[in-house]
Participant: 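If you scroll down you'll find the structure; I have some questions about it.
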Amino acid sequence: MPPVIAAEHLQKRYKDFVAVADASFVVERGEIFGLLGSNGAGKTTSVECLQGLRHADGGTLRVLGLDPLTQARELRRRIGSQLQEAALPDHVRVWEALDLFSSITPGGRDWREVMEQWGLTDKRKASFHSLSGGQRQRLFVALALVNSPEVVFLDEMTTGLDPASRHVAWDLVRRVRDMGTTVVLVTHFMEEAERLCDRIAVMDAGRIVAEGTPQKLVSGHARYVTVMFSADAQDLTWLDAVPGVERVTRHGARVEVRGGGAVLAHVAAALVAHGIAPPDLRVEQPTLEDVFLTLTGHDMEE
Amino acid sequence: MRVLFKMTWIEIKLLAREPVTLVFSFALPVLVLVLLGGIFGHERMDTGAYAGVAMMDWYVPSYIGLVIASIGTVSLPVHLSAYRERGVLRRFRASGVSEAVLLGSQLLVSLGVACAGAISISVLGIVVYGAQMAVAPAEVALAYVVSTFCFVAIGVLLASLAPTARAAQSVGLLLWFVLLLVSGTSAPLDRLPSWMVSLGKALPLYHSVVSLVDPWIGRGTNWTQLAIVAAVGAVATLVTLRVFRWE
Ligand SMILES: Nc1ncnc2c1ncn2[C@@H]1O[C@H](COP(=O)(O)OP(=O)(O)OP(=O)(O)O)[C@@H](O)[C@H]1O
Ligand SMILES: [Mg+2]
């Protein structure tokens, strides 16, 4: 079966500014695919090209086998979109929006069910402008799902959600996937990518710099683990000679040793050999965030 | 069709929830009618093709045209460009709302607003100022539908060209004011300098007005004027289909 989404050498410029230089990726049916990257990396641009909302300048795009530009009408019936920037008329009520959007694609789910799932039933008669940021966000996700799409694009879905709603949203998205919908999730939130995505593409400055499952990305790209302990001993310079150690840093009694995979065992053995048995010896595994740092050379916030 | 009717019904409810948006297209023409009725209401046209026609019999149908023109020059462009500016059109488009549904619902709502405006102007003119009843209401209705189509097309075109809602508002108001002065909807046409009459004839409202007035005062449908209005509407529609922007 062909992939649900195939992007080959996607390029997009705004005047002279290159927003997406060259991005290729595929999304398989039934997975939650994450597009992770810092502000301005080109994530929104890429997914909006896939949804036929922006014209790509180069490359080949296929979504459900359709060309997003020439077959936009057919495509929009079969996908769901939650856009990073969008609005509804101020005075439209929650139920009216759901009712209207569900009528566009006959044969979708009952909108009342979607409204209930996304916790909007209490607000069914509230007008759009009276909703809080998180409620608006949930309404937009609900609107993206109301036509029972085969693929749903969620662009920063959990922005503005409190931690509890965020966890509920993650559960709901997993359930959407389990019902067979493919999910494309744009995020710059590491925890979300790590917990929710089956596969992630890391985007930086308009290019895909890495791709894989969260586990594979972490094990493949984070070269270091960090061993931490406290020690009063004055001279620890011998640590540098322990196999696998790359760097030792001290903040008073706190010692951090960075090194390759087997460094913990070697450091522990060397400590014992020097008569030191720190009770707080522990190792910190790399996270997606470390991978991100390694791959892009900068923090998320930069 | 179902989507079109849902969209139209929602737009009507939105208007009812924020009636102040109706002031311009609805209340202003009524107000101007009251003021001009006070000034010229008891006079008759002196010269020209309409010599002898009571001013009020001219004003009432022509103000139906003014309501329609205010929708097309101000209300609709401001409404649609505000939707575009705020990202409402983006949202609609991403969910598969078609141009036909979006613009069709605006046409239906405009027909409704224009109809309500026409009724209030007619009642006011006939009851308070003793204007005559429309001689051929069905033919007046035809002119009203064609004029509304024309000005809705112009309105969507202006909305597509305006960079922002504020720009749409300033340009639209200016246009509306010019139309008001030169189309026989303020001082009687026979009192305007000839260059103003010529300017009026170069703009669509004058032709809408004549096509509304003629059947109203018993001269029957003016097919020439109606054809001009329809042609302007058709051209505006064709251009709009090329330049319409969702974002
Ligand atoms: N309409 C536009 N006109 C000009 N430049 C744009 C436009 N849209 C985006 N850009 C630029 O393109 C780059 C990529 O933008 P994009 O919105 O795709 O980033 P993103 O990865 O979604 O970022 P964020 O995490 O902040 O949402 C940014 O530098 C942005 O300034
Ligand atoms: Mg973005």
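Each chain gets a letter, A, B and so on, in the order its sequence line appears, and its residues count up from 1. The figures here come from the full heavy-atom set of this structure, side chains too, leaving out hydrogens, waters and symmetry mates.
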Participant: Give, for atom OG of A:S103 and atom CZ of B:R2, the distance between the pair rounded to the nearest 0.5 Å.
Facilitator: 5.5 Å
Participant: What distance separates A:S81 OG from B:R91 CZ, expressed to the nearest 0.5 Å?
Facilitator: 6.0 Å
Participant: Do you know which of B:K6, B:M7, B:E11, B:E18 has the most heavy-atom pairs under 4.5 Å to chain A?
Facilitator: B:K6
Participant: Check A:P89 against B:L14 and note the closest heavy-atom contact, atom names and distance.
Facilitator: CB-CD1, 3.6 Å
Participant: Select, from B:L89, B:I10, B:V88, B:V101, the one with the greatest count of heavy-atom pairs under 4.5 Å involving chain A.
Facilitator: B:V88
Participant: Is it the side chain or the backbone of B:E247 that comes within 4.5 Å of chain A heavy atoms, both, or neither?
Facilitator: side chain
Participant: Above 12 or not: heavy atoms from other molecules or residues under 6.0 Å from CZ of B:R166?
Facilitator: no
Participant: Would you say CZ of B:R17 has more than 12 non-hydrogen atoms from neighbouring residues, nucleotides or ligands within 6.0 angstrom?
Facilitator: yes
Participant: Between B:R86 and A:L88, which heavy-atom pair has the shortest distance, and what is it?
Facilitator: NH2-O, 3.0 Å
Participant: Can you see which heavy atom on B:K13 is nearest to which on A:E96, and at what distance?
Facilitator: NZ-OE2, 2.9 Å
Participant: Can you tell if the side chain of A:Q51 reaches within under 4.5 Å of the side chain of B:R93, non-hydrogen atoms only?
Facilitator: no
Participant: Against chain B, work out which of A:D90, A:I79, A:N147 has the most heavy-atom pairs shorter than 4.5 Å and name it.
Facilitator: A:D90
Participant: State the OG-CZ distance between B:S95 and A:R76, to the nearest 0.5 angstrom.
Facilitator: 9.5 Å
Participant: Taking everything shown except B:W246 itself, do over 12 heavy atoms lie less than 6.0 Å from its CH2?
Facilitator: yes
Participant: Give a yes or no on whether A:Y14 atom OH has more than 12 heavy-atom contacts from other residues, nucleotides or ligands under 6.0 Å away.
Facilitator: yes
Participant: Pick one of side chain, backbone, both or neither for A:R77, based on which atoms fall under 4.5 Å of a heavy atom in chain B.
Facilitator: neither
Participant: Let me see the working for A:E48 and B:R90 under salt bridge (Lys or Arg N to Asp or Glu O under 4.0 Å), right down to the final yes or no.
Facilitator: CA-CA 11 Å; A:E48 293 197 352; B:R90 260 168 84 64; 2.7 Å; yes
Participant: Considering all heavy atoms of both residues, which atom of B:G96 and which atom of A:I104 are nearest to each other, and what is their separation?
Facilitator: O-CG2, 3.7 Å
Participant: For B:V3 and A:L100, work out which heavy atoms get closest and say how close.
Facilitator: O-CD1, 4.1 Å
